[in-house]
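For reference, the structure is listed below as structure tokens.
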Protein chains: 2
Amino acid sequence: MQSKSGLLRAHLARKTGCNLETIRYYEKVGLLPEPPRSANGYRVYPPELAQRLQFILRSRDLGFTMEEIRSLLVLIDKGEQTCAEVMGRTQTHLDQVRRRISSLKQIEATLAATLSQCTGENIPDCPILESLGGLDRSSQLP
Amino acid sequence: MQSKSGLLRAHLARKTGCNLETIRYYEKVGLLPEPPRSANGYRVYPPELAQRLQFILRSRDLGFTMEEIRSLLVLIDKGEQTCAEVMGRTQTHLDQVRRRISSLKQIEATLAATLSQCTGENIPDCPILESLGGLDRSSQLP
DNA sequence: CTTGAGTCTGTAGTTCCTACAGACCCTACA
DNA sequence: TGTAGGGTCTGTAGGAACTACAGACTCAAG
């Protein structure tokens, strides 16, 4: 049962790597419009909806929140996207990602350093435990 | 009402930037131990609990799940593990942190690349939207 | 002695999914 | 023709990690 004009839900799910139920969920919350139905009532996804789902999933993978994704989609939907607007949002997100990376690098350095101090012997005061406790949050995300 | 030996909940919340209720939630799920109470039954947080909360929040900011945070805390709450055990757990977390960093770097690269294609002018077809939509998700997060 | 701010408990709501349950529908194979 | 198997539909429940009440208590200040 495969309409030539689109994919059934499970097929779309497999193709995009999206969870089956998540597709229905995105429809429910309005990220995906209601797709046309076949005679028996099954959802049939035309290529443009498949692409829209790809976009959503890709954005999700990149760490955009639902609201951010929604606002990106609004820009697409209203056609007259000002490129600058999209650029701004992307830049903001990129900054966020970069802050996150540098925080993680601090943690990495701390863990690596403490690990290198550790002999693996069974001594009472483990240096790892000492240094983990000492991490502060002064340089955190906004 | 400020015990000299610690902070009240709201004070701790302000100091750490943590939501008031979240503190109680962490107590409920066992990340924070039950703090001592003042005569009237108010929670009074000694400095070591404040520090523990800092640690939890910092880990959370860095994207660790509750379970990951929980096992990090196990390192701090030195049970009867041998140093070698602690070392092993630390290594595991270090690996995780490194994987997380490299995932984020991929994201960073993608965002930066798409951004660099953008002129900021008001043209109809925004390259960011194109590339987000067009990218396949074959090289996604683990 | 009242007002306002802080605390307590328990419970309900939020976000972003994910997983059933029970009922159709369709194809294939014996 | 029958039935086994898959797929689909709807609605609803659950989970993770919070977040926000509601209603009662406590306490210092004016």
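To find a chain, count down the sequence lines: A is the first, B the second, and so on, and within it residues start at 1.
Rounded to whole Å, atom P of C:dT7 lies 7 Å from atom CZ of B:Arg14. Taking atom CG of residue B:Leu7 and atom C1' of nucleotide C:dG6, one finds them 14 Å apart after rounding to whole Å. Protein atom OH of A:Tyr45 is 16 Å distant from nucleotide atom P of D:dG7, rounded to whole Å.
For B:Lys105, the side-chain contact (heavy atoms from CB on, under 4.5 Å) partners two or more places apart in sequence, or in a different chain, are A:Ile101, A:Lys105, B:Ile101, B:Glu108. Applying the side-chain contact (heavy atoms from CB on, under 4.5 Å) test to A:Gln91 and every residue at least two apart in sequence or in another chain returns A:Leu94, A:Asp95, B:Leu115. For B:Glu67, the salt bridge (charged side-chain N to carboxylate O under 4.0 Å, His left out) criterion is met by B:Arg70, not counting sequence neighbours. Scored by the side-chain contact (heavy atoms from CB on, under 4.5 Å) test, A:Ala10 finds A:Arg14, A:Leu20 as partners (sequence neighbours excluded). Remark: A:Pro36 engages A:Pro46 in a side-chain contact (heavy atoms from CB on, under 4.5 Å) (not counting sequence neighbours). In this structure A:Glu34 satisfies the salt bridge (charged side-chain N to carboxylate O under 4.0 Å, His left out) test with no other residue, sequence neighbours excluded. Taking the side chain to side chain donor-acceptor pair (under 3.5 Å) definition, one finds that A:Ser71 meets it with A:Arg89, sequence neighbours left out.
Applying the 4.0 Å criterion to OP1 and OP2 of C:dG6, one finds that B:Arg43 has every side-chain N and O outside that range. Not one side-chain nitrogen or oxygen of A:Arg9 sits closer than 4.0 Å to the OP1 or OP2 atom of D:dG7. When the side-chain nitrogen and oxygen atoms of B:Arg37 are compared with OP1 and OP2 of D:dT26, none of them lie within a distance under 4.0 Å.
Each of B:Ala39 and A:Leu20 was matched to the nucleotide of DNA chain D holding its nearest heavy atom; the match closer to the 5' end belongs to A:Leu20.
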### Summary
Here DNA chain D, pairs taken as Watson-Crick or G-U under 3.5 Å and shown with ( ), [ ] when crossing and | when to another strand, reads ||||||||||||||||||||||||||||||

### B/S/- contact track for nucleotides 15-25 of chain C, protein heavy atom under 4.0 Å
-BBBBB----B

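For the atom pair CG (A:Leu49) and CD (A:Gln51), the distance works out to 10.0 Å, reported to the nearest 0.5 Å.
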